[in-house]
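Hydrogens, waters and symmetry mates play no part in the numbers below; they use all other heavy atoms, side chains included. Index from 1, following the sequence. Quantities reported herein were computed from a predicted structural model and do not represent experimental measurements.
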Amino acid sequence: MSAPAPSPLAIVDAEPLPRQDEVLTDAALAFVAELHRRFTPRRDELLARRTERRAEIARTSTLDFLPETQAIRVDDTWKVAPAPAALEDRRVEITGPTDRKMTINALNSGARVWLADFEDASAPTWENVVTGQLNLIDAYTRNIDFTDPRSGKAYALKPAEELATVVTRPRGWHLDERHLQLDGTPVPGALVDFGLYFFHNAQRLIDLGKGPYFYLPKTESHLEARLWNDVFVFAQDYVGIPQGTVRATVLIETITAAYEMEEILYELRDHASGLNAGRWDYLFSIVKNFRDGGSKFVLPDRNLVTMTAPFMRAYTELLVRTCHKRGAHAIGGMAAFIPSRRDPEVNKAAFEKVKADKDREANDGFDGSWVAHPDLVPIAMASFDAVLGDKPNQKDRLRDDVSVAAGDLIAVDTLDAKPSYDGLRNAVAVGIRYIEAWLRGMGAVAIFNLMEDAATAEISRSQIWQWINADVVFENGEHATADLARTVAAEELATIRAEAGEEAFAAGKWQQAHDLLLQVSLDQDYADFLTLPAYEQLR
């Protein structure tokens, strides 16, 4: 066999990384180039379609189930492909970026699944993109260990049968990878993350008794799911593995996707394994799409929008019913709490909330749920064990009792809670802290005892924007204005400077983060994604 031809892809504006040649092989880059040629034009069309649909929502302030796909919804004969053995039991899933320590800890965590994240929990520096791929290859070949340079603690993998099954999350369709270009055009980050991972690991995972499994983020329509399905079909043929080996779980984290759950499963039916309820991005999507819909769409403080809110309950119950009707797994939302090593009272209160949340999901019919920290795995596991027992899932619970009308999903005004001044301060404080860490290359960040990712920053800046543009009056009589947001942001920056000290403050990216948060919170022209202008500043 002759050596593969050099890839037409150019690696741009990137210093060489140790061992990058193991990931960026000519053969792997040729595969990514072929994905780019075939599928990026359709990606571009679908992004344009998002803009058109958003304009229609701005005009009508409503959404409905699609009349043109009604036949798919009323046809009770179709189901998704049966789950492979490695994805039959998903009762607890842990999420996190693909750095070396997290890779080992997540695989060892006792969770059934690890969401290996190249998306919201990972700032897409070139180093994170490449070394994340390398860490996964090393994990599958058991060539991975890690010693913490500060504590000296050593980390190594447990026996194979004790490790979580990996489900990898590539970036969303809207993000490009500027460091990989074809004829001066950047390759979509989704195709880079998927392509490199699939090319290197598909056969290796099959040999391990598993397969190339994916979480698909930020999907906004069944047509975007169809594009992913076509990518999977092509990719499986390209490397010569059986059709249907790929499995995909779709995050229903946009309001438009919530109206197309059945259609999304239908488009991916040979490759679908479930849907997931992603809370913060879902709220962000509601604000983004209905931002000019008036006071009835104004959300209160993010921590006051619990999963028991009527419009959130409609979304999650419809998701369970839809999944089980079609033979797919329904996966619940994130428990983001990080246990405190110093405050047992904080832990006790938080653990009780996590338990209540996971008990509710298990009793509602979900087949599993997410946690952000290994200490939460036993709590979530106990909630699902109590309902499932020895059964791997509860897909036999069809939830025929659930009936959700189109208006129920956007009935934001059924909430009694209102935006508060403290909510504004929290949104600013969390937003600055998260963006600063992201600009330093960290996508999963511990802030105020919660593990936050990019979805947190999106909902924070969106709420600031919404409250100002809706002229919200807080309980203390102050109006939400751009000047008030600037004042609060300046005060928060001063607090951070005092806490960190001058030297640490100067070494960070605090002023840059402050400025970027205000830019995306105050600009009249609302940015579709905070990560787009942020990526321009990520080095």
Ignoring hydrogens and angles, tell me if any N or O in the side chain of [X] forms a donor-acceptor pair with the backbone of [Y] under 3.5 Å.
| X | Y | answer |
| --- | --- | --- |
| R112 | V92 | no |
| Q236 | I241 | no |
| D89 | R91 | yes |

Axial cation check for [Y] ring with [X], 6.0 Å and 45° limits:
| X | Y | value |
| --- | --- | --- |
| R269 | Y266 | yes |
| K358 | F366 | no |
| R90 | F384 | no |

task: Any ring pair (Phe, Tyr, Trp, His ring centres under 6.0 Å) involving residues 237-259? Give me the pairs, sequence neighbours left out, ordered by first then second residue.
output: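 Those involving residues 237-259 are F31-Y238, F65-Y259, F234-Y238.
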message: Suppose the criterion is ring pair (Phe, Tyr, Trp, His ring centres under 6.0 Å): which pairs have a residue in residues 202-231, not counting sequence neighbours?
response: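 Matches after skipping sequence neighbours: W173-W228, F194-F214, F194-W228, Y197-F214, Y215-W370, W228-F232.
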Residues that D230 engages under salt bridge (charged side-chain N to carboxylate O under 4.0 Å, His left out), provided they are two or more places apart: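 For D230, the residues satisfying salt bridge (charged side-chain N to carboxylate O under 4.0 Å, His left out) (neighbours in sequence not counted) are R42.
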task: Only counting residues at least two apart or in another chain, list the ones meeting salt bridge (charged side-chain N to carboxylate O under 4.0 Å, His left out) with K509.
output: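 Applying salt bridge (charged side-chain N to carboxylate O under 4.0 Å, His left out) to K509 gives none.
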Looking at every non-hydrogen atom in both residues, tell me the closest pair between [X] and [Y] and how far apart they are.
| X | Y | value |
| --- | --- | --- |
| K288 | E220 | NZ-OE2, 4.3 Å |
| N128 | F118 | O-CE2, 4.2 Å |
| I144 | N135 | CD1-O, 3.7 Å |
| A330 | L319 | CB-CD2, 3.8 Å |
| T125 | L538 | N-CD2, 3.6 Å |

Results of side chain to side chain donor-acceptor pair (under 3.5 Å) for D193 - residues two or more places apart only: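 D193 satisfies side chain to side chain donor-acceptor pair (under 3.5 Å) with R171 once adjacent residues are dropped.
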task: Could you list the residues that satisfy side-chain contact (heavy atoms from CB on, under 4.5 Å) with K158, not counting sequence neighbours?
output: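 K158: side-chain contact (heavy atoms from CB on, under 4.5 Å) contacts with N108, E162, L163.
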task: Inspect the surroundings of CG in D207 and state if more than 12 heavy atoms from other residues, nucleotides or ligands are less than 6.0 Å away.
output: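 Above 12, so yes.
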